[in-house]
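Take a look at the structure below.
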Amino acid sequence: MQLPSEVQDVITKLNAAGFEAYTVGGCVRDLLLGKEPKDWDVTTSANPEEIQIVFPNSFYTNTFGTVTVRTGSEKIQEIEVTTYRIDADYNDQRHPDSVTFTKSIREDLARRDFTINAMALAPITDASPHNDTVSMDGMTIIDPFGGLKDLHTQVIRAVGNPSERFAEDALRLMRAIRFSAQLGFEIEEYTLRAITEYAPAIEAVSHERIRDEFIKIIMSPSPEPAMNLLQKTGLLAMILPELEEGVGITQNKHHVYTVFEHSIKSLQFAVEFNYSMHVRIAALFHDIGKPRTRRFANGDYTFYGHDIVGARMTELLMDRLKFPKDLTKTVTHLIRHHMFFYDVGKVTPAGARRLLRRVGKDNFDDLIKLRIAERKGSGVPKAEPYRLRHLQFMVEQASKEPISVGQLAVTGNDLIHELGLRPGPMIGGILHALLAEVLEDPKKNDKQYLLEQAKLLQEKTPEELKKLGESAIEDAEKKQEEEIKRKYHV
Ligand code: ATP
Ligand code: MG
């Protein structure tokens, strides 16, 4: 166990100026767990002005006593140095009304959220041992709340009275569950009860903060138990009521799990396969439209249109939680198209080309990943990866063939210059009618042939062109969708 030289250096300089200084919080927790801390926080008895005198190359931007020290090193560039403080009275369940500096490290530790986050560590052997200090590897750890024991037994426990701590700051509700997901720890009984009691207070927390904790949960190794905790404590109903709608919603003969169970299991598999964030989010929300579209017909439930409804619901909820627009777009696109059809022997090469056209080359692999996670998460053993590989192969072939107007062997300009057509909407109509032919048979993508066809097409009315072109492509897709609906009751 060793502190990086940059951190050591900050502590030494503060000590030399006559102040106490410790690393504190998350970095102590991670260090003791043998993990590489993300960032290093130092806490000190020096006030912000005194810190700035010790580190002239530092800046002080807020009023909470935190000074950012520039180390001049490449590896750890900045270290946050914060004056020991006490938070005084929270009235909005989120921000302390004021902070008071203190000379006591133990008072500073007492304001922290969980015991495993409320330890301080310094590279000294304490001259005046206290009953809450522990010496380890030439370091002193101050542990007034049993954080070491809780680290060892893998428990998230509030510092002090859990109800009071959640009443002060409702973000801690999410943090408790997030740490349990990241560390794989249990939440201690009274802490968990207090979370349930104070769940409605999460309303006071900004959507951005909730989103950040949510992202940490889905990027953690075990989001499934965390999502269950969010649900059981009542937090889910507050932050993601759309997902809550799926609780207890049974499905049909293709599923053994309820919509909610299936959603979080799909997410868990997306994590197990190490899929990226947007695929994880899509896995969690792909069936979010099911509760609203569930109908009973011929002895079983159907969910017609849940992909369309789900994509829209996901867009709205991601906007509400202030996700970046491009991420929302990618996720909703995957959800909109997650019902693609892929039976070996039934998907024709033309079908694969139309699928690729609809979904886009860039998204296709992610859509396959979504399908894999979703199949695994259905609990029905029939994941049949060879069928997906077959489809992937067909789509790879398809990606070599023209699937858009821009890839045709003739351009709008050719039609104007070689057939004397006038620029206008007719041109687009003709090109789409040609594309419909080429999607069916890529061999027809031949300039001479297409010009001949275009000559015939120029006699058609715009309505007729639409029927031959865009509508024809759409109809073929619809036929595929009908097939899925029949087969899977969706
Ligand atoms: P990580 O950075 O890995 O997400 P962390 O524990 O370092 O986890 P930070 O948000 O960086 O979390 O906060 C640093 C420390 O500040 C925490 O370990 C904890 O001691 C304290 N802390 C942070 N947020 C709160 C809060 N809402 N209430 C009480 N203490 C908090
Ligand atoms: Mg941190």
Side-chain angles (χ1 to χ4, degrees), residues 4 7 22-44 62 64-68 76-97 99-100 102 105-121 141-148 150-151 155-185 187 191 194-195 198 201-202 204-206 208-221 226 235:
V7 180
Y22 296 88
T23 56
V24 70
C27 60
V28 174
R29 177 197 69 221
D30 291 346
L31 193 71
L32 291 167
L33 285 172
K35 292 186 181 179
E36 173 112 34
K38 273 201 316 290
D39 33 46
W40 290 90
D41 296 315
V42 168
T43 188
T44 177
N62 62 31
F64 299 112
T66 300
V67 176
T68 306
I76 301 175
Q77 298 178 352
E78 291 179 347
I79 296 173
E80 310 249 276
V81 181
T82 308
T83 307
Y84 296 162
R85 49 174 252 219
I86 316 168
D87 300 327
D89 295 340
Y90 291 77
N91 279 321
D92 64 355
Q93 294 176 322
R94 180 65 196 103
H95 300 97
D97 299 335
V99 303
T100 310
T102 160
I105 176 68
R106 288 173 180 83
E107 280 185 345
D108 181 275
L109 293 175
R111 73 170 169 92
R112 295 173 184 272
D113 48 6
F114 305 109
T115 60
I116 57 168
N117 289 343
M119 291 182 276
L121 177 149
I141 300 163
I142 305 182
D143 176 23
F145 306 103
L148 276 172
D150 286 342
L151 261 192
V155 169
I156 310 286
R157 181 195 313 269
V159 168
N161 179 319
S163 299
E164 283 170 20
R165 306 319 306 282
F166 292 120
E168 279 168 7
D169 179 0
L171 180 65
R172 292 171 187 158
L173 299 160
M174 289 292 290
R175 283 173 61 88
I177 293 176
R178 182 258 285 194
F179 286 121
S180 84
Q182 288 179 323
L183 304 171
F185 284 18
I187 300 180
T191 303
I195 294 175
Y198 282 90
I202 195 70
V205 179
S206 77
E208 288 86 348
R209 301 302 292 263
I210 292 174
R211 173 203 61 204
D212 291 347
E213 296 299 321
F214 170 80
I215 290 176
K216 285 177 183 169
I217 290 171
I218 65 163
M219 297 314 287
S220 80
L235 283 167

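Counting convention: from 1, in listed order, for ligands and their atoms alike. Index from 1, following the sequence.
Checked by atom type, the side-chain pair Asn117/Arg29 shows a donor-acceptor distance below 3.5 Å. Inspection of the Gln182 and Ser220 side chains reveals no N or O donor paired with an N or O acceptor under 3.5 Å. Using modelled atom types and a 3.5 Å distance limit, the side chains of Thr66 and Thr82 yield a donor-acceptor pair. When only modelled atom types and interatomic distance are considered, Glu80 and Thr68 share a side-chain donor-acceptor pair under 3.5 Å.
The shortest separation from a heavy atom of Lys216 to ligand 1 is under 4.0 Å, placing the residue in contact.
The heavy atom nearest to atom 23 (C) of ligand 1, considering only Arg178, Arg175, Arg112, Glu168, is found in Arg175.
Shortest contact from atom 7 (O) of ligand 1 to any protein heavy atom: Gly26 CA, 3.3 Å. Nearest to atom 14 (C) of ligand 1 among the protein's heavy atoms is Asp41 OD2, 4.0 Å. Atom 28 (N) of ligand 1 has Arg172 NE, 2.7 Å as its closest protein atom, hydrogens excluded (heavy atom only). Taking atom 8 (O) of ligand 1 as the reference point, the nearest protein heavy-atom neighbour is Arg29 NH2, 3.5 Å. In this structure, the protein non-hydrogen atom closest to atom 2 (O) of ligand 1 is Lys38 NZ, 3.3 Å. For atom 20 (O) of ligand 1, the nearest non-hydrogen atom of the protein is Asn117 O, 2.9 Å.
Using cut-offs of 30° and 60° on the angle between ring planes, the pair Phe114 and Phe179 is perpendicular.
Residue-level proximity to ligand 1 for Asp113 is carried by backbone and side chain together, each with a heavy atom below 4.0 angstrom. Residue contacts with ligand 1, taken as heavy atom pairs separated by less than 4.0 Å, do not involve Phe114 at all.
Inter-residue side-chain proximity for Val42 and Tyr22 is flagged as unmet; no heavy-atom pair is nearer than 4.5 Å.
Looking only at its N/O/S atoms, Asp39 has OD1 as the one nearest to the Mg ion (ligand 2).
Below 4.0 Å from some heavy atom of Asp169 lie the following atoms of ligand 1, by number and element: 26 (C), 27 (N), 28 (N).
The backbone N or O of Val159 lies less than 3.5 Å from a partner atom in the side chain of Arg165, making a donor-acceptor pair.
A salt bridge is absent between Asp113 and Arg172: the closest approach of a Lys/Arg side-chain nitrogen to an acidic carboxylate oxygen does not fall below 4.0 angstrom.
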